[in-house]
Amino acid sequence: MKGAKLTKLRSALKKLPSIAKLDRSVAAAEDSAVGKLHPVLVGKSRRRYLVSSEIVDHPLFQELVDRSNGSDGMISVACEVVMFDHLLWMLENADSHSVSVDDLVEFYSY
C-alpha cells in the first residue's frame with residue numbers, strides 16, 4: 001500500500017516541475033528573514049538543504065530527525081529527496097496538524 005502511495009506522489013510531483021525542481025537551499029537563503037537557517041542532509045545522497053528554524057522546530061520534522069539516527073553532528077533525515085521536497089512544501093503551506101504526526105512520519109520515512 002505504501003508503495004502505491006509513493007508511486008502516485010512521485011507521479012504527481014513530476015507533473016509539477018516548480019515543486020520537484022525547486023532548489024531549497026537557494027530559496028531558503030533568499031528567505032533568511034524568517035530566522036536562523038540550519039543545514040540538513042537528506043536521503044542516501046545526503047543532499048544539503050538550508051531549512052528555517054520554524055521548520056526544524058516542527059514536531060513532524062523533529063520526529064523524522066529522531067528516527068533517522070544521524071550520528072555525525074549534522075541534522076539528517078532518512079527519506080527520499082522528492083519526499084522531503086513535498087514535506088517542506090506541506091509544512092510551509094498546509095495545516096499538518098490535521099493528520100497524526102506518527103502517520104506522517106511513517107509515510108515519509110524509509
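Numbering starts at 1 and runs along the sequence shown.
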Checklist entry - Are any non-hydrogen side-chain atoms of Ile75 and Phe61 less than 4.5 angstrom apart? => result yes

Item to check | From CG (Leu41) to CZ (Arg48), nearest 0.5 Å | outcome: 8.0 Å

Item to check | Worked check of side chain to side chain contact (heavy atoms under 4.5 Å, CB included) between Glu80 and Val42 | outcome: CA-CA 7 Å; Glu80 295 187 33; Val42 178; over 6 Å; no

Item to check | Arg46 versus Ser76, closest heavy-atom pair with distance | outcome: NH1-OG, 3.8 Å

Checklist entry - Should Leu37 and Val51 be marked as a side chain to side chain contact (heavy atoms under 4.5 Å, CB included) after you check the CA-CA gap, both sets of side-chain angles, and the distance that decides it? => result CA-CA 5 Å; Leu37 300 177; Val51 179; over 6 Å; no

Next on the checklist: Is the shortest side-chain heavy-atom distance between Gln62 and Val56 below 4.5 Å?
Outcome noted: yes

Next on the checklist: Distance check, rounded to the nearest 0.5 Å: Lys36 atom NZ versus Asp57 atom CG?
Outcome noted: 10.5 Å

Checklist entry - How long is the gap from OG on Ser68 to CD on Glu63, to the nearest 0.5 Å? => result 9.5 Å

Checklist entry - Out of curiosity, Met83 CE to Leu88 CG, how far, rounded to the nearest 0.5 Å? => result 12.0 Å

Item to check | Validation row: Leu87, Leu64 side chains within 4.5 angstrom (heavy atoms) | outcome: yes

Item to check | Side-chain touch Leu50/Pro39, heavy atoms, less than 4.5 angstrom | outcome: yes

